[in-house]
Number of protein chains: 2
Amino acid sequence: MNKLKPYLQSNFSFSENEIEKMASCFVSKSLKKKEYFLRAGHYCKNVAFIEKGCFIYYEIIAGEEKVCDFAFENDWITQYNSLLNNTPSQFNICAIENAEILVMDVSKIAALSKSIPKIGMLRTELAENYFIESTKRASQLANLKAEERYETLLNEKPETFQRIPQYHIASYLGIKPQSLSRIRAKK
Amino acid sequence: MNKLKPYLQSNFSFSENEIEKMASCFVSKSLKKKEYFLRAGHYCKNVAFIEKGCFIYYEIIAGEEKVCDFAFENDWITQYNSLLNNTPSQFNICAIENAEILVMDVSKIAALSKSIPKIGMLRTELAENYFIESTKRASQLANLKAEERYETLLNEKPETFQRIPQYHIASYLGIKPQSLSRIRAKK
DNA sequence: GCTTTTCATTCACATTTGTGAAGAAATAAA
DNA sequence: TTTATTTCTTCACAAATGTGAATGAAAAGC
């Protein structure tokens with residue numbers, strides 16, 4: 001819980017006491033590279049916090065892996081649509097490096113929220129931030145050309161290029177690996 | 001409040017009493033076609049519910065209007081990033097038809113939330129739904145070609161084509177008006 | 001270490017979308 | 001109604017991105 005506790009404390013000012021209570025509801029889990037936190041078609045029943053490693057979200061469209069997000073240390077992973085609406089997930093969430101995560105079951109979240117109301121605020125803020133971020137990605141996909149999207153990512157999240165294979169980055173940018181190579185070669 | 005009250009009752013099961021209390025915090029407002037609910041550069045300080053009419057969200061990028069969303073009756077309009085983080089809005093929210101909206105000031109929302117805790121749930125669910133929707137739009141922009149995005153919109157929200165000018169729809173789809181015409185001509 | 005597999009690059013050509021101009025059609029204003 | 005304005009369509013050509021194949025580089029497995 002090396003990262004979770006400081007995260008809860010500095011971003012949401014939970015008390016020592018609340019943090020301990022929350023911490024006791026997480027189960028820690030190791031995932032090897034290429035193992036899955038969630039597979040498409042399955043029901044997402046929990047939320048996890050990344051202590052170490054990174055993950056991609058992807059869906060299969062027309063037989064191809066289409067990446068829609070990355071997650072690193074201090075990020076949460078879960079699939080909203082599946083978790084909230086009890087539907088099978090369209091998305092896979094897969095470890096790209098060996099990872100350590102802290103997992104909480106959805107039923108425990110509900111119980112815990114009753115004793116610590118501020119958890120509701122955490123939930124709200126997360127959703128609002130995800131919405132704002134997703135809006136940015138959509139705006140870039142609609143309004144910038146591939147080369148500009150590449151440069152934006154390179155400037156804003158350079159670590160992505162250190163940790164994620166290029167063909168996944170290409171997919172995230174909405175282009176083919178060959179096109180990403182072409183763009184990089186121009187520089 | 002012809003639409004707001006049934007909306008609150010059927011989607012969130014607020015009580016008669018709560019609904020009256022909430023209703024008293026809204027101010028109704030008429031906007032003519034082409035008038036703005038929010039202008040880019042201004043601070044968004046309220047949330048509104050659409051009783052009648054429709055709106056577009058757009059930002060200016062490289063001198064061009066880039067539409068990122070539409071809103072119709074029973075939708076809310078506000079700009080999250082500006083409202084939550086107290087920053088100037090990047091987006092304009094503009095009436096496309098003469099409209100009737102119910103506006104609530106952000107300070108009243110906070111006050112009201114204290115006396116009606118369930119409002120927190122409304123806020124959370126809205127953000128979560130917006131996130132899910134925004135994710136879908138981003139996925140389409142990244143993974144479908146313009147023609148497929150056009151067909152998806154035509155199937156899922158046909159009313160858009162009845163009420164929104166095509167050049168705004170083209171922008172929302174991430175293409176130029178000429179390209180949308182070309183796609184339509186093929187059918 | 002060697003071998004196999006995965007990933008990245010390059011190329012020629014195909015397809016999709018953008019661009020600017022022109023005119024037609026629809027809508028709003030007078 | 002007439003006129004002006006806005007919106008939509010079409011076209012020829014340009015630019016961006018996709019496609020499939022070939023090759024090389026890097027990483028993983030043995």
* Asked: Going by atom types alone, do A:S134 and B:S134 pair a side-chain donor with an acceptor below 3.5 Å?
  -> yes

* Would you please say whether a donor-acceptor pair under 3.5 Å links the side chains of A:K29 and A:N46? => no

Parallel, tilted or perpendicular: which fits the ring planes of [X] and [Y], with parallel below 30° and perpendicular above 60°?
X: A:F49; Y: A:W76; result: perpendicular
X: B:F161; Y: B:Y150; result: perpendicular
X: A:F70; Y: A:Y172; result: tilted

Between [X] and [Y], does any side-chain N to carboxylate O distance fall below 4.0 Å?
X: A:E20; Y: A:K5; result: yes
X: B:K145; Y: B:E151; result: no
X: A:K32; Y: A:E35; result: no
X: B:R163; Y: B:E97; result: yes

* Asked: Looking only at side-chain N and O atoms, does B:Q166 come under 4.0 Å of OP1 or OP2 in D:dT9?
  -> yes

* Asked: How would you list, by chain and number, every residue that makes a ring pair (Phe, Tyr, Trp, His ring centres under 6.0 Å) with A:F91, sequence neighbours excluded?
  -> none

Quickly work out the [X] [atom1] to [N] [atom2] distance and round it to whole Å.
X: B:R163; N: C:dA26; atom1: CZ; atom2: P; value: 21 Å
X: B:E97; N: C:dA28; atom1: CD; atom2: C1'; value: 16 Å
X: B:I169; N: D:dC8; atom1: CD1; atom2: P; value: 8 Å
X: B:I96; N: C:dT27; atom1: CD1; atom2: P; value: 15 Å
X: B:Y167; N: C:dT19; atom1: OH; atom2: P; value: 18 Å

Quick one: which protein N/O atoms are closer than 3.5 Å to N/O atoms of nucleotides 15-17 of chain D? Pair and distance per line, please.
unit_1: D:dT17; atom_1: OP1; unit_2: A:A146; atom_2: N; d: 2.7

* Pairs involving residues 92-140 of chain B, ordered by first then second residue, that meet ring-ring contact (aromatic ring centres under 6.0 Å, His included) (sequence neighbours left out) -> A:Y80-B:F131, A:Y130-B:F131, A:F131-B:Y130, B:Y80-B:Y130

Just the table, please: protein N/O against nucleotides 21-24 of chain C N/O, every pair under 3.5 Å.
none

* Asked: Is it the case that more than 12 heavy atoms not belonging to A:K157 sit under 6.0 Å from its NZ atom?
  -> no

* Count the heavy atoms belonging to other residues, nucleotides or ligands that lie under 6.0 Å from CG of A:N2, then report whether that count exceeds 12. => no

Can you tabulate the close N/O pairs, meaning under 3.5 Å, that link protein atoms to atoms of nucleotides 22-30 of chain D?
unit_1: D:dA28; atom_1: OP1; unit_2: A:K33; atom_2: NZ; d: 3.1

* **Terminal helix-axis angle for the helix from C:dG1-D:dC30 to C:dA30-D:dT1, with five pairs defining each axis and rounding to 10 degrees** => 60°

